[in-house]
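Please read the structure below before turning to the comments.
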There are 2 protein chains.
Amino acid sequence: MATIKDIAQAAGVSLATVSRVINNGPKVGKDTRQRVKLIMEEMGYRPNANARALVTKRSASLGVVLAELHDPFFAMLAHGVETVTRKNNVQILLSAGSIEKETELRAIEILLEHRVEAMVVHSKALDDKTLIDFSKQVPGFVLINRFIPEIANRCVWLDNVTGGRLMAEHAINQGHKKLAVISSQYRIDDPNHRLEGIVNATEAAKLTLPESMIEYATPDQEGGELAMQNLLATGAEFTAVLAYNDAMASGAMTMLQDHGIAVPEQVSVMGYDDVLLAKYCRPKLTTLRYPIEMMAAKAAELALKYAAGAKPEEGLTFKYTPTIVKRDSVVRV
Amino acid sequence: MATIKDIAQAAGVSLATVSRVINNGPKVGKDTRQRVKLIMEEMGYRPNANARALVTKRSASLGVVLAELHDPFFAMLAHGVETVTRKNNVQILLSAGSIEKETELRAIEILLEHRVEAMVVHSKALDDKTLIDFSKQVPGFVLINRFIPEIANRCVWLDNVTGGRLMAEHAINQGHKKLAVISSQYRIDDPNHRLEGIVNATEAAKLTLPESMIEYATPDQEGGELAMQNLLATGAEFTAVLAYNDAMASGAMTMLQDHGIAVPEQVSVMGYDDVLLAKYCRPKLTTLRYPIEMMAAKAAELALKYAAGAKPEEGLTFKYTPTIVKRDSVVRV
DNA sequence: TTGTATGCGTTATCAT
DNA sequence: ATGATAACGCATACAA
């Protein structure tokens, strides 16, 4: 592949001049610029991003750490990031961390080795201290879906406690008194927080939510089916089910319908996330909107801004609150 | 950030020695190795991938060009690639090309500038010649979802003509004689090929498929709804609908149900792709399995192999054929 | 306006 | 086993 040197030689000018042409530098004759450009075209010259990054110490790239790409949720996240990187002519470097400590760590390290300027990190397995340390090394370090007080101004996150509360309140407002909960079996913050919000709301409404009305399973459709199966097996009575996410809600609905229980006529179901699926499934899912795409875009902007030298404001954080999307899976009782 | 030089200084050895330690070079004393490693640890040393890429001319990265990240289909594609890059300690560089000539071109160029070793490209807007040219520049250049005879051995693609035929044949075998088709309005190869297969099958079965029974819309749920609405508005009669993809099929089902037409009792519906949605929607979609994740993994492997110097075998290509997944949206009539 | 020279962080070649 | 040194491709301060 042709280098700047080859171009200089072919054009009969110096390296510096070519470099200036490439970067639209100011001090270069109009005709020389023309000629050099032509030759670059002819020789199919492409600047070497690595060499450039080495000397300028700026890589024009943003690293993204996420769990699993095939999860639609992370696809939305990635897309949110992409909208802003594209606008800024910044490249995306992807690193998957599958919610395992070692992998997440390695994912971040790899991005660091590539000297990405900014970083949007979705980490659930790493501890606060590790993340705080990284944020000190990388000016453009931003966390998504996580809140760490010490670096609050680098956190773009969803208030899941409020989310849980909103879910439960909505069900309660619709007259439901016997609630069941289908949660994720992974003991990370998100399910804990959502559950906390649900419990708060039930207590405030003087309802009881016995442990037996809470089922845990994998946070996907199969998990939702399984959890509902278990719930039904215990013979428990409930008129509304609050699921950890839309996939579990969908699974739960399927299982209910398979048992001849009409949704929402006999049992109401609520999801969380508002992914595509929520609109596609029948009945359409009443759920909580998790504006992950918007949040991811925000995180990317922030990361780029910090990377460019902006100082994170003290005492600031980027908290989003989910909102209820009323569709057809919940009815008044 | 500490460099190899800093480490050398701190350890009282030369650059060369440190470099050897980093790369697990052979000729270095056991104790020196220990000491250097310790110091690297202490100083938080991280090799600079850019510098390394510059001198070794190998970037340990694979570029991916795809259309839209938030499309679950591309999320699967990305995931397929990721499974093999992870295994090979190769980094993913993402570039979105939104099915526009200019953007796709720019996406590839950017990856080229980063000197990615391998490339998995999903391009629909670029012409054959351009792609062939690129493949000559980049040894590890592989196309996914596209077939170009001149570089057949770099193409991992799905036989959409056969796919279309299988769809139609399945419907016909189930006794359906009046078919309707919902296709994509984008005049790229995929819908054309699928339609071609459908037409072939209908002709072989001595059925007619008038142009009025084919509706075109955007390849998403809204498009499916719209297309079905149009179809119903014309008063056309049909007992089976073949959709361009699962999203359109889902939209079509919704619209049918909204019009009080039972699926599959009154009208059967078939999708294409077998994305998550196909299992989630009600009735579960009978569709064609498009093993995109597997294909993407194959493409990535191939790209890496070619990048490593393996010569593309002449006359070879990587064609996949979709298979029918029978679920609940099609019945015998 | 143009050219020269230096250095970015690393690997690799050649000495020692 | 270890060190000195020349690249790699580019940007840039300094000269001319």
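All values below were derived from every heavy atom in this structure, side-chain atoms included, with hydrogens, water molecules and symmetry-related copies excluded. Naming convention: chains lettered A, B, ... in sequence-line order (proteins, then strands); numbering from 1 in each chain.
Applying the 4.0 Å criterion to OP1 and OP2 of C:dT1, one finds that A:Thr17 has every side-chain N and O outside that range. One finds no side-chain N or O of A:Thr32 lying less than 4.0 angstrom from the OP1 or OP2 phosphate oxygen of C:dT1. For D:dG3, the OP1/OP2 oxygens have a side-chain nitrogen or oxygen of B:Ser14 closer than 4.0 Å. In terms of phosphate contacts, A:Ser19 brings a side-chain nitrogen or oxygen within less than 4.0 Å of OP1 or OP2 of D:dA11.
For B:Tyr320 and B:Tyr290, the distance between ring centers is not under 6.0 angstrom.
Ring geometry for A:His79 against B:His70 counts as tilted: the plane angle lies between 30° and 60°, on a 0 to 90° scale.
Within the 4.5 Å cutoff, side-chain heavy atoms of A:Arg52 are placed close to those of A:Pro47.
For the helix from C:dT1-D:dA16 to C:dT16-D:dA1, the end axes, each set by the C1' atoms of five terminal pairs, are bent relative to each other by 40° (nearest 10°).
Near-neighbour residues of DNA chain D inside residues 44-60 of chain B, defined by a heavy atom below 4.0 Å, number-ordered: B:Leu54, B:Val55, B:Lys57.
Across the protein-nucleic acid pair, A:Leu15 atom CG and D:dA15 atom P stand 19 Å apart, rounded to whole Å. As rounded to whole Å, 22 Å separates atom P of C:dC8 from atom NE2 of A:His114.
Between the side chain of B:Arg115 and the base of D:dG9, no donor-acceptor pair of N or O atoms lies under 3.5 Å.
For B:Glu104 (side chain) and B:Lys124 (main-chain N/O), a donor-acceptor pair under 3.5 Å exists by modelled atom type.
Heavy atoms of B:Val13 sit under 4.0 angstrom from primed sugar atoms or phosphate atoms, though from no base atom.
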